[in-house]
Number of protein chains: 2
Amino acid sequence: MPAATHPPLLDSFIAHLAESDQRVTATRLQVAKAIARRGGHFTAEEICAALPSVGRATVYRNIKLLAEMGFLCRVLLEDGSLHYQVSHRGHHHHLVCTACGLAQDLLGCDIQDLLRTRAGDSGFAVSGHWLEVYGLCRDCQSKAP
Amino acid sequence: MPAATHPPLLDSFIAHLAESDQRVTATRLQVAKAIARRGGHFTAEEICAALPSVGRATVYRNIKLLAEMGFLCRVLLEDGSLHYQVSHRGHHHHLVCTACGLAQDLLGCDIQDLLRTRAGDSGFAVSGHWLEVYGLCRDCQSKAP
DNA sequence: AGGCATAATGATACGAGGTCTCGATAGTAG
DNA sequence: CTACTATCGAGACCTCGTATCATTATGCCT
Ligand SMILES: [Mn+2]
Ligand SMILES: [Mn+2]
Ligand SMILES: [Zn+2]
Ligand SMILES: [Zn+2]
């Protein structure tokens, strides 16, 4: 049995469900466990494949729930495909390695001020932004020529 | 007949086709004209609807071609839907108004240096990034309370 | 522990958005 | 004009995600 890569996820999920009057079902725990078991990012379809006994709609519903609760963040790959990842809560961005796929959190987003200034020049009032950064992680740099 | 909103597009497109040994077909020009006629951004399906006599696959093929040539840029809306827009060539971002949909180009992207510094701290080598900025354009600010 | 109200599930159909296939058509070089 | 072949159009197909709805099972109340 593979060790949980994100051990706190299960407990936090259960706690949040209880707080918000949502039911702790066996299926929900199955989905959360399948996610906690993973390192790195994953697609909804991958979870569906890993849990053939769980309905596809249910997998999508629960991933959405986990994301709304802040336990999962969206990772947009360069090819446009949407992945999810257990992650820091709150606003942040990702450094996505185009070689191995690793997506590490880039905390302390300090571009909001820069954006407000640059956009303000055109009279635009910034309320939010979406940013993904692509490149090579440390490991992949040393492996590549 | 509506005036072309982007008059240079047609000629530039034809020139690029000739340069790269691709054929100047009637269908290609129809698609390019339908696009040049628009202000703002649009979806592939909107072009399909505007050109019912042109095959859907062909519309998608030619939009992709125009985008690869640099005449169109992708605009990712907050809801995740992909639009296209006649645009400045080369790397740039957008200020997308969440009220009226206006997407104006944000030129002179000066976040690359900032990103290199912040990412470099984690040993990550930045090669590119994707950024969309959301908020209210000048007009929509004055209309709103 | 047993019963109830209803949240959650899963099978399935549906829809948007986009690609693939392949025979037919039409640019273009010569 | 002809031949070559890039491009086209129709439709099948695919992925990702949501809507519907009969069935199940959770949490609470007694
Ligand atoms: Mn994250
Ligand atoms: Mn643009
Ligand atoms: Zn890597
Ligand atoms: Zn606006």
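Proteins come first, then strands; the chains are lettered A, B, ... in the order of their sequence lines, and each starts at number 1.
- Nearest nucleotide to the B/Tyr60 side chain, out of C/dG18, D/dG11, D/dC16: C/dG18.
- OP1 or OP2 of C/dT9 sits under 4.0 Å from a side-chain N or O of A/Thr25.
- Residue-level contact check: A/Arg56 touches the bases, meaning some heavy atom is under 4.0 Å from a base atom.
- Side-chain N/O atoms of A/Thr25 and A/Arg28 include no donor and acceptor closer than 3.5 Å.
- Rounded to an integer number of Å, the gap from B/Gln30 CD to C/dA26 P is 12 Å.
- Ring pair A/His129/A/His93: centre-to-centre distance below 6.0 Å.
- For A/Glu45, whose side chain is taken as the heavy atoms from C-beta onward, the closest listed nucleotide among D/dC16, C/dA11, C/dA8 is D/dC16.
- The nearest heavy atom of DNA chain C to B/Ala26 and to B/Leu82 marks one nucleotide each, and the one closer to the 5' end goes with B/Leu82.
- Counting distance only, with no hydrogens placed and no angle test, the side-chain atoms of A/Arg61 and the base atoms of D/dG17 include no donor-acceptor pair under 3.5 Å.
- When the C1' atom of D/dG9 is taken as reference, atom CZ of B/Arg28 falls 14 Å away, rounded to whole Å.
- When the nearest nucleotides of DNA chain C are assigned to B/Arg23 and B/Tyr84 by heavy-atom distance, the more 5′-ward of the two goes with B/Tyr84.
- Using a 4.0 Å heavy-atom distance criterion, B/Thr27 is classed as a sugar-phosphate-only contact.
- The side chain of B/Thr58 places an N or O atom within less than 4.0 Å of a non-bridging phosphate oxygen (OP1 or OP2) of D/dG9.
- If you check every strand for non-hydrogen atoms under 4.0 Å, B/Ser53 touches sugar and phosphate atoms only.
- Close to D/dG17, at under 4.0 Å from its OP1 or OP2, lies no side-chain N or O of A/Lys64.
- B/His88 NE2: 12 or fewer foreign heavy atoms inside a 6.0 Å radius.
- Taking atom CG of residue B/Leu29 and atom P of nucleotide D/dC8, one finds them 10 Å apart after rounding to whole Å.
- The separation between B/Asn62 atom CG and C/dG18 atom C1' is 15 Å, rounded to whole Å.
- Ring centers of A/Phe71 and A/His16: under 6.0 Å apart, within the cut-off.
- In this structure, A/Glu19 places its CD atom 15 Å from P of D/dG27, rounding to the nearest Å.
- Spacing between atom CD1 of A/Ile47 and atom C1' of D/dG17 amounts to 16 Å, rounded to whole angstrom units.
- The side chain of A/Ala44 lies closest to D/dG17 when the candidates are D/dG17, D/dA10, D/dG27.
- A/Tyr84 does not carry A/Arg74 over the face of its six-membered ring by the limits of under 6.0 Å from the centre and within 45° of the normal.
- At whole-Å resolution of the value, CG in B/Leu76 and P in C/dG17 are 13 Å apart.
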